[in-house]
Amino acid sequence: MKRYNTAAGPLDIEILGHSSIIMHWNGQVIHIDPYSEEADYSEQPKADLILVTHHHSDHFDPDAIAEIRKKDTVVISTEKVAHALEGVTVLHNGERTTWNGITIRATPAYNIVNMRAPGEPFHIPGEGNGYVMEIDPLRIYIAGDTELIPEMSGLEAIDIAFLPKDVPYTMNDSMFIEAARVIRPKILLPYHCPKPRIDRTMLRNALPGMTIPEE
């Protein structure tokens with residue numbers, strides 16, 4: 001678990017595995033893409049907020065959500081997730097909302113190069129979200145399942161970036177490095193990546209001046 005300072009006190013962040021993240025901040029618990037194969041969610045703290053990036057089963061796991069959802073839990077996701085789960089607040093790419101003092105903006109997440117079949121990307125533009133969370137003074141980018149895409153050049157002043165590195169579904173090493181150079185986060189956290197594939201020494205050599213913490 002990593003700790004970062006905010007105006008309202010410490011923000012603790014842990015990657016449980018794959019794309020599953022848990023945050024503790026100001027007495028609130030935030031879960032991102034809870035996935036039962038990465039944690040026993042019956043033993044995880046109940047969620048005040050759940051962000052789901054898209055409808056694929058390794059990101060949208062109704063059983064995991066049921067374990068951590070309370071009556072007043074806010075769930076934010078996409079239209080496809082909202083069609084399968086009641087009570088979801090939909091954010092389309094580019095839309096934003098505010099929750100308990102946190103501004104949340106949905107960002108595009110899709111493939112350009114990697115295809116399930118010719119003309120059929122693994123992730124279709126407009127179907128999935130990334131999220132930029134503003135927890136004063138931090139700006140946190142959770143990329144979701146995406147490759148290096150043009151919209152990344154519009155991201156500004158990112159303090160912490162979660163970028164996926166897992167071929168063929170997201171980014172290979174060269175895409176990942178170029179995406180990090182485009183976004184220029186202060187702290188880079190690789191995720192959606194089996195641990196043996198994370199060569200932090202290689203990433204640090206390629207991205208001098210960027211902090212890439214250990215697990």
Side-chain angles (χ1 to χ4, degrees), residues 13-23 30-42 44 47 49-69 73-95 97 104-133 140-152 161-173 175-176 179 189-198:
I13 300 178
E14 181 180 5
I15 301 175
L16 297 177
H18 197 59
S19 295
S20 300
I21 301 166
I22 183 170
M23 301 181 178
I30 302 167
H31 283 273
I32 300 157
D33 284 351
Y35 182 34
S36 298
E37 290 195 16
E38 299 301 331
D40 181 352
Y41 279 88
S42 68
Q44 295 297 322
L49 172 67
I50 301 172
L51 300 178
V52 179
T53 58
H54 63 293
H55 60 284
H56 289 168
S57 60
D58 56 336
H59 296 262
F60 171 45
D61 181 346
D63 291 338
I65 290 172
E67 291 284 3
I68 55 176
R69 193 174 189 180
T73 299
V74 173
V75 182
I76 295 174
S77 191
T78 64
E79 280 194 10
K80 282 205 167 185
V81 170
H83 290 158
L85 186 71
E86 292 185 357
V88 171
T89 298
V90 173
L91 280 187
H92 299 99
N93 292 173
E95 294 181 340
T97 189
I104 301 164
R105 177 166 61 91
T107 61
Y110 60 92
N111 292 105
I112 296 174
V113 176
N114 293 321
M115 302 286 165
R116 192 179 305 277
E120 184 184 348
F122 285 107
H123 302 94
I124 297 169
E127 279 194 349
N129 287 339
Y131 297 102
V132 173
M133 304 172 66
I140 303 167
Y141 175 47
I142 299 154
D145 274 14
T146 189
E147 294 175 358
L148 170 62
I149 56 176
E151 292 89 344
M152 288 178 175
F162 291 85
L163 297 184
K165 194 168 80 68
D166 186 14
V167 291
Y169 307 106
T170 62
M171 292 190 273
N172 60 23
D173 286 351
M175 282 183 190
F176 183 94
L189 298 173
Y191 85 147
H192 200 298
C193 179
K195 289 182 181 180
R197 297 187 192 173
I198 302 177

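Heads up: numbering here begins at 1 and tracks the sequence. Not measured: the values here are computed from a predicted model.
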Chemist: For the residue pair Asp33 / Thr53, report whether a side-chain donor-acceptor contact shorter than 3.5 Å exists.
Modeler: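 On atom types as modelled, these side chains qualify, holding a pair under 3.5 Å.
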Chemist: Looking at CZ of Arg105 and OG1 of Thr97, how far apart are the two atoms once the value is rounded to the nearest 0.5 Å?
Modeler: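 Here the interatomic distance stands at 13.5 Å.
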Chemist: So do Met23 and Ile32 actually touch side chain to side chain, heavy atoms under 4.5 Å?
Modeler: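 They are in contact (side-chain heavy atoms under 4.5 Å apart), so the answer is yes.
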Chemist: Ignoring hydrogens, what is the shortest heavy-atom contact between Gly87 and Arg69? Give both atom names and the distance.
Modeler: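 Heavy-atom minimum between the residues: O-NH2, 3.4 Å.
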Chemist: Could you report the tightest heavy-atom contact between Ala179 and Leu148, atom names first, then the distance?
Modeler: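 Looking at all heavy atoms of both residues, the closest pair is CA-CD1, 3.7 Å.
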Chemist: Which pair of non-hydrogen atoms, one from Asp58 and one from His192, has the smallest distance, and what is that distance?
Modeler: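 What the structure gives for the nearest pair is OD2-NE2, 4.0 Å.
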Chemist: State which residues pass side chain to side chain donor-acceptor pair (under 3.5 Å) with Tyr141; sequence neighbours excluded, sorted by chain then number.
Modeler: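 If we apply the side chain to side chain donor-acceptor pair (under 3.5 Å) test to Tyr141, skipping adjacent residues, there are no hits.
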Chemist: Can you tell me how far CG of Asp145 sits from NE2 of His56, rounded to the nearest 0.5 angstrom?
Modeler: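 One gets 7.5 Å once the value is rounded to the nearest 0.5 Å.
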Chemist: Taking the side chain as everything from C-beta on, heavy atoms only, tell me whether Ile142 gets closer than 4.5 Å to Ser19.
Modeler: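 No - every pair of side-chain heavy atoms lies 4.5 Å or more apart.
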Chemist: Could you walk me through whether Val75 and Val81 satisfy the side chain to side chain contact (heavy atoms under 4.5 Å, CB included) test, starting with their C-alpha distance in whole Å, then the side-chain angles of each, then the deciding distance to 0.1 Å, before giving a yes or no?
Modeler: CA-CA 10 Å; Val75 182; Val81 170; 5.6 Å; no
Chemist: Is it true that a side-chain atom of Tyr131 and a backbone atom of Ile140 form a donor plus acceptor pair closer than 3.5 Å?
Modeler: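 No; zero donor-acceptor contacts below 3.5 Å.
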Chemist: Nearest 0.5 angstrom please: Asp40 CG to Glu67 CD, how far?
Modeler: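 Asp40 atom CG to Glu67 atom CD measures 7.0 Å (nearest 0.5 Å).
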Chemist: Kindly indicate, with the supporting measurements, whether the criterion side chain to side chain contact (heavy atoms under 4.5 Å, CB included) is fulfilled by Thr73 and Ile50.
Modeler: CA-CA 7 Å; Thr73 299; Ile50 301 172; 3.9 Å; yes
Chemist: With under 30° as parallel and over 60° as perpendicular, where do the rings of Phe122 and Tyr169 fit, or are they tilted in between?
Modeler: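 Correct class here is perpendicular.
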Chemist: Pairs in or reaching into residues 81-91: which pass side chain to side chain donor-acceptor pair (under 3.5 Å), with residues at least two apart or in two chains?
Modeler: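 Found none.
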Chemist: Any idea which heavy atoms bring Ile15 and Pro190 closest together, and the distance?
Modeler: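 Smallest interatomic distance, heavy atoms only, reads CD1-O, 3.9 Å.
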Chemist: Look up atom CG in Leu16 and atom CD1 in Ile21, then write down how far apart they are to the nearest 0.5 Å.
Modeler: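 Result: 8.5 Å between the selected atoms.
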Chemist: Kindly state whether the ring of Tyr41 and the ring of His31 have centres lying under 6.0 angstrom apart.
Modeler: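 Aromatic pair counts; centres sit under 6.0 Å.
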Chemist: Starting at CG of Asp173, measure out to NZ of Lys165 and round the result to the nearest 0.5 Å.
Modeler: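 Those atoms lie 4.0 Å apart.
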Chemist: Under 3.5 Å, side chain of Asp63 to main-chain N/O of Ser36, donor-acceptor pair present?
Modeler: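 No, Asp63 side chain to Ser36 backbone: no donor-acceptor pair under 3.5 Å.
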Chemist: Determine whether Ile149 and Ile112 satisfy the following criterion, side chain to side chain contact (heavy atoms under 4.5 Å, CB included), listing intermediate values before the conclusion.
Modeler: CA-CA 7 Å; Ile149 56 176; Ile112 296 174; 4.0 Å; yes
Chemist: So how far is it from Lys80 NZ to Glu127 CD, rounded to the nearest 0.5 Å?
Modeler: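 CD of Glu127 is found 4.0 Å from NZ of Lys80.
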Chemist: Tell me every residue that passes side chain to side chain donor-acceptor pair (under 3.5 Å) with Asn111, counting only those two or more places apart in sequence or in another chain.
Modeler: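 Side chain to side chain donor-acceptor pair (under 3.5 Å) check on Asn111 returns His123, Glu147.
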Chemist: For Leu51 and Met133, work out which heavy atoms get closest and say how close.
Modeler: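 For Leu51 and Met133, the tightest heavy-atom pair comes out as CD1-SD, 3.9 Å.
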Chemist: Would you call Thr146 and Met152 a side-chain contact if the rule is heavy atoms closer than 4.5 Å?
Modeler: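 Thr146 vs Met152: side chains touch.
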Chemist: Do the non-hydrogen side-chain atoms of Met175 and Val113 ever get within less than 4.5 Å of each other?
Modeler: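 Yes - at least one pair of side-chain heavy atoms lies under 4.5 Å apart.
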Chemist: Kindly give the heavy-atom pair with the smallest separation between Asn129 and Ser77, and that separation in Å.
Modeler: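 Distance-wise, the nearest heavy atoms are ND2-O, 3.9 Å.
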Chemist: Could you tell me whether a side-chain N or O of Asn114 sits under 3.5 Å from a main-chain N or O of Pro168, the two making a donor and an acceptor?
Modeler: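 The answer is yes, because a donor-acceptor pair under 3.5 Å joins these two groups.
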Chemist: The test is side chain to side chain contact (heavy atoms under 4.5 Å, CB included); show your working for Ile13 and Phe162 and say whether it passes.
Modeler: CA-CA 11 Å; Ile13 300 178; Phe162 291 85; 3.6 Å; yes
